[in-house]
Amino acid sequence: RLHDVNAIANFRLGKTWKVTTAFVYATGQAYTEPVSYYRLVDSPVDNVIQTAQISRFQGARLPAYHRLDAGFTKSARFFGFADYELQLQLLNVYARKNIWFRFFEFSWAGTVEQTTVPQIPVPVPNIACTLTF
């Protein structure tokens, strides 16, 4: 990757509430893309070997990666004997379908099928509670 940018902001909403946001941006990850393939057939035993021909090493790039995370934190005393912190978070707020990786499947018809696997393609909620004695 050529560039990574992380921007984090914290805001206090009174004595007990805090809002946190984090924006993450990264240029696309380099990968080696297959451009074609060929088959070697050993006729007496019908053994078939498929081999991919690839582009220049790390010659292709995935799209840029970015996401926004947001959360609220409530801090207070827990029944007078411990401090607690309740966190409510949402990862990937705007449901960006960042590409985790791609894989390629070769068919007998001579086509190459590309499958893209997203990383966290939906907003993910998170709840946490921390007690400090």
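Predicted model, so just to flag it, every value in this text is computed and none were measured.
Residues Arg61 and Gly28 come closest through the heavy atom pair NH1-O, 2.6 Å. Considering all non-hydrogen atoms of both residues, Arg96 and Pro63 come closest at NH2-CB, 4.4 Å. Minimum heavy-atom separation, Thr32 to Arg56: CG2-O, 4.1 Å.
A chain of hydrophobic side-chain contacts below 4.5 Å, direct or via other Ile, Leu, Val, Met, Phe, Trp or Tyr residues, connects Phe103 to Trp100. Linking Ile, Leu, Val, Met, Phe, Trp and Tyr residues whenever their side-chain heavy atoms come within less than 4.5 Å places Leu68 and Val5 in a single cluster. Under a hydrophobic-cluster definition in which Ile, Leu, Val, Met, Phe, Trp and Tyr are linked whenever side-chain heavy atoms come within less than 4.5 Å, directly or via other members, Val19 and Phe23 are assigned to different clusters. Cluster membership check: Leu62 does not share its hydrophobic cluster with Val117, using side-chain heavy-atom separations under 4.5 Å among Ile, Leu, Val, Met, Phe, Trp and Tyr. Hydrophobic clustering places Leu88 together with Phe78 (ILVMFWY residues linked when any side-chain heavy atoms are closer than 4.5 Å, directly or through intermediates).
Interatomic distance, OH of Tyr65 versus CG of Asp4, reported as 10.5 Å (0.5 Å rounding). Note that OH of Tyr25 and CG of Asn6 are 12.5 Å apart. Values are rounded to the nearest 0.5 Å. Here CD of Gln87 is found 8.0 Å from NZ of Lys18. Values are rounded to the nearest 0.5 Å. Taken to the nearest 0.5 Å, the CZ atom of Arg67 stands 5.5 Å off from the CD1 atom of Ile120. Between Lys74 atom NZ and Glu85 atom CD the span is 11.5 Å, to the nearest 0.5 Å. How far OG1 of Thr73 is from CH2 of Trp17: 8.5 Å, rounded to the nearest 0.5 Å.
Heavy atoms from other residues, nucleotides or ligands lying under 6.0 Å from CZ of Phe72 number 12 at most. For Tyr94, the OH atom is densely surrounded, since the number of other residues' heavy atoms within 6.0 Å is greater than 12. Annotation for Ile127: atom CD1 does not count as buried by contact number, only 12 or fewer foreign heavy atoms lying within 6.0 Å.
Using bins of under 30°, 30° to 60° and over 60° for the plane-to-plane angle, the ring pair Phe104/Tyr31 lands in the parallel bin. Below 30°, between 30° and 60°, or above 60°: for Phe81 and Phe79 the angle between ring planes is below 30°, a parallel geometry.
In terms of modelled atom types and a separation under 3.5 Å, the side chain of Asp69 and the main chain of Asn92 share a donor-acceptor contact. Panel note: side chain Thr27, backbone Ala64; no donor-acceptor pair is recorded below 3.5 Å. Thr20 places no side-chain N or O within donor-acceptor distance of the main-chain N or O of Gly71, the cut-off being under 3.5 Å.
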Can Val24 and His66 be said to form a side chain to side chain contact (heavy atoms under 4.5 Å, CB included), step by step?
-> CA-CA 5 Å; Val24 178; His66 54 88; over 6 Å; no

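Taking the side chain as every heavy atom from C-beta outward, Val93 and Pro123 never approach each other to under 4.5 Å.
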